[in-house]
Amino acid sequence: MSDQKLPPPTENEKTPPSWADTSLSKKEESLWGNTDKLRGIKEKNDQIWHVCFGWIAAGMMIFFTLVFVASLSIWMWHQLTPWVWLTDAQLSKIQSVIFSGSIGAIVSSYMQKQLQKT
């Protein structure tokens with residue numbers, strides 16, 4: 001090891017940079033004694049997160065359900081009516097979406113996860 005000593009800090013190095021504003025941390029530190037207030041803030045943040053997560057989960061469920069129902073309806077309409085308006089490639093893609101169960105699996109697994117949380 002070397003016996004070199006570091007030079008002392010200059011005046012500019014002693015003051016914190018502008019990005020190191022500690023006013024928010026000092027405010028939080030002043031509340032350490034008031035655990036009820038801190039607990040209330042955490043519970044409020046958790047509640048906001050759960051509400052947002054619920055809306056996102058519901059939106060995703062509605063979206064995937066609508067995609068599945070629309071795909072099934074288009075496929076059935078094509079099969080039941082005399083008008084052949086889908087190409088073989090389009091029909092194959094719709095059939096793979098419906099019958100592979102990918103959308104159904106996504107919807108059902110997501111619903112199971114959500115229902116287990118309640």
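Along the sequence shown, residues carry numbers from 1.
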#### Entry: Partners meeting side chain to side chain contact (heavy atoms under 4.5 Å, CB included) with Phe53 (sequence neighbours left out)
Trp49, Tyr110, Gln114, Lys117

### Query
What residues form a side chain to side chain contact (heavy atoms under 4.5 Å, CB included) with Ser109, not counting sequence neighbours?
none

### Task
Under 4.5 Å between side-chain heavy atoms, chaining through other members, with only Ile, Leu, Val, Met, Phe, Trp and Tyr counted: pull out the rest of the cluster around Val51, sorted by chain and number.
Trp55

### Message
Rounded to the nearest 0.5 Å, what separates atom NZ in Lys93 from atom OG in Ser71?
### Response
11.0 Å

### Message
To the nearest 0.5 Å, what is the distance between CD1 on Ile74 and CD on Gln90?
### Response
10.0 Å

## Note on the structure
The side-chain hydrogen bond (donor to acceptor under 3.5 Å, both in side chains) partners of Asn45 (sequence neighbours excluded) come to none

#### Entry: Spatial distance of atom OG (Ser92) from atom CG (Leu86) [nearest 0.5 Å]
11.5 Å

### Query
salt bridge (charged side-chain N to carboxylate O under 4.0 Å, His left out) with Asp88: which residues, sequence neighbours excluded?
none

### Query
Quick one: CH2 on Trp77 to CH2 on Trp85, what's the gap to the nearest 0.5 Å?
9.0 Å

### Query
How far does CD1 of Ile94 sit from CD of Gln79, to the nearest 0.5 angstrom?
10.0 Å

### Task
Report the residues that fulfil side chain to side chain contact (heavy atoms under 4.5 Å, CB included) with Leu66, sequence neighbours left out, ordered by chain and then residue number.
Ile62

### Task
Treating Ile, Leu, Val, Met, Phe, Trp and Tyr as nodes and any side-chain heavy-atom pair under 4.5 angstrom as an edge, say whether Val67 and Met61 lie in one connected cluster.
yes

### Query
Mind checking whether Ile56 and Phe63 sit in one hydrophobic cluster, side chains of I, L, V, M, F, W, Y counted as touching below 4.5 Å?
yes

